[in-house]
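In what follows, every heavy atom counts, from backbone to side chain, and hydrogens, waters and symmetry copies are set aside. In this chain, residues are counted from 1 in sequence order. Indexing begins at 1, ligand by ligand and atom by atom, following the structure's order.
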Amino acid sequence: MASTLAKRPLRAAIIGAGMSGILAGIKLREAGIAFTIYEKAARAGGTWRENRYPGIACDVPSHHYCYSFAPNPEWSQRFSPGPEILAYFEQVAVTHEIDSRIRFNEEVVSAVYGGGEWRIKTARGHEETVDIVLCATGFLHHPVLPNIPGRDKFTGDAFHSARWDESVMLAGRRVGIIGTGSTAMQIVPAIVDTAAKVTMFQRTAQWVLPLPNVAYTEEEKAQFRAEPDSMTKLYATWLERFQNTISRAVVGDALEMSRLEAGCRENLEHNVHDPVLRAKLTPDYKVGCKRLIMSDIFYPAIQRPNAELVTSGIERIEPHGVRDREGNLHELDVLVYATGFNGHAFMRPMQVLGVEGKRLDDTWAQSNLTHRSMSVPGFPNFFMLVGPYSPIGNFSVILISELQLNYLQQLLAPLQRGDCRAIAPTFEATNAFLSELRGAMGNTVWATGCKSWYLDKTGSPEMWPFTFERFRDDMSRPRFEEYDLIH
Ligand code: NAP
């Protein structure tokens with residue numbers, strides 16, 4: 001069909017300057033789309049900027065937890081620490097001249113659609129009209145504090161793990177940690193040598209797969225610099241390992257699951273010596289139902305003489321510590337809430353109004369309605385990276401984001417050609433997509449009965465229930481029959 005619209009250069013607002021936002025800038029520029037990145041904070045880096053707790057690292061190997069097109073010979077370790085990862089993202093933003101496109105301290109508070117355009121507004125009152133809104137807002141950035149009686153009574157230092165207070169000294173002090181997620185399991189080994197005592201309050205035990213961290217030698221780094229292809233190979237090797245093991249196990253591959261289970265059980269049996277402690281650390285749900293912990297330092301740390309695991313439950317928080325359900329008071333100087341995040345809010349509290357003023361909050365009132373994790377019917381030219389049902393689990397979100405942007409570049413082509421003014425998924429395609437996902441969710445380990453942040457408010461996993469290969473295929477090209485092209 002001949003185009004009736006004048007070809008026009010497109011403008012996008014990218015929201016968030018974390019891993020996905022920086023990547024989106026690189027990819028939209030490649031596609032010839034002008035953009036501004038709006039960042040609520042004073043610095044880029046997203047989750048790696050916000051989480052500064054001791055021991056922070058990524059449990060995906062660094063030579064895979066990086067952009068596929070930007071290998072980094074300088075990684076210090078197989079699982080490099082958080083500050084190195086933050087520096088990497090900031091460096092990529094500089095190298096690709098994305099940093100100058102970021103408006104810092106500009107939180108987008110609303111995006112309103114009308115006449116084929118989006119009007120966005122920031123908390124500081126800046127407004128811009130754009131063709132495309134691309135939310136790169138992440139999903140683990142709304143810290144959840146536990147609803148435990150007496151939380152406001154504690155007289156020591158207390159903070160959420162994602163709001164770490166560096167001014168608080170830990171040396172020689174009694175530190176309590178509530179939670180046993182990926183965060184808490186990294187904090188305990190990192191502080192056990194410094195603190196006088198570390199008390200971990202466990203509500204639910206975790207499966208732990210030992211994955212040794214090793215430092216790269218100067219010779220290895222020199223070799224990476226001299227032979228960049230060796231990093232590309234390493235990237236592919238780790239990808240293959242993840243996609244053929246954990247990623248298969250969690251979506252129903254019985255053989256891979258039995259291998260994973262054996263690895264976790266063996267780790268527990270060989271590396272936790274006291275049978276009473278071992279029993280306390282033994283989960284009562286399937287491996288992978290909660291996000292698998294990768295660590296060979298947590299078990300040694302929790303067995304240190306100055307570490308204690310409290311499993312009797314928390315009765316209340318008191319001015320001087322935590323009272324457990326057996327009546328014992330655990331006196332503390334510092335209390336850390338490693339109690340996780342609301343992983344389902346995505347770009348909210350931002351107000352998003354689509355066609356005829358329809359609120360995204362209303363569209364998402366029951367569950368996060370999305371087509372292919374990236375768009376929402378009734379919200380034309382509004383896209384998300386690593387949105388609801390994106391493959392997450394123990395997989396690198398960077399590759400997920402790259403594949404989604406590859407899809408998006410193709411999806412935006414009709415807009416760029418001037419064939420349409422806007423594009424939105426049809427309700428039919430969205431419903432078909434979600435019903436296929438929900439139909440498959442029962443085969444996954446996340447639906448086997450444990451509680452985790454993977455579950456949405458209906459109790460259903462908001463996860464990708466198929467293999468990584470299926471996701472890669474789905475993202476290889478858009479099917480335009482799933483979309484309305486709006487003229
Ligand atoms: P999380 O996995 O949601 O863990 C929260 C912990 O707090 C759980 O152990 C939970 O217990 C406990 N908790 C919550 N409310 C409680 C209450 N009222 N009383 C007692 N315990 C309570 O949070 P997270 O550890 O911050 O990790 C979140 C996600 O961040 C991870 O799953 C992962 O995706 C990401 N992350 C990744 C890495 C990495 O290395 N790649 C590192 C850190 C975080 P229950 O289990 O009983 O609910």
Ring-ring centroid check Phe224 Tyr216, cutoff 6.0 Å: yes
Between the side chains of His330 and Asp324, is a donor N or O closer than 3.5 angstrom to an acceptor N or O? yes
With no hydrogens and no angle check, just 3.5 Å: does a side-chain donor-acceptor pair link Ser76 and Glu84? yes
Residues around ligand 1, heavy atom under 4.0 Å from any ligand atom, sorted by chain and number. Can you pull those? Tyr53, Ala57, Cys58, Asp59, Leu140, Pro146, Ile148, Ile178, Gly179, Thr180, Gly181, Ser182, Thr183, Gln186, Arg203, Thr204, Lys290, Arg291, Ala338, Thr339, Gly340, Phe341, Trp453
Donor-acceptor pair between Glu462 and His344 side chains, under 3.5 angstrom: yes
When you compare the side chains of Arg278 and Tyr299, does any donor N or O come within less than 3.5 Å of an acceptor on the partner? no
Among side-chain atoms of Ser373 and Gln404, is any donor-acceptor pair under 3.5 angstrom? no
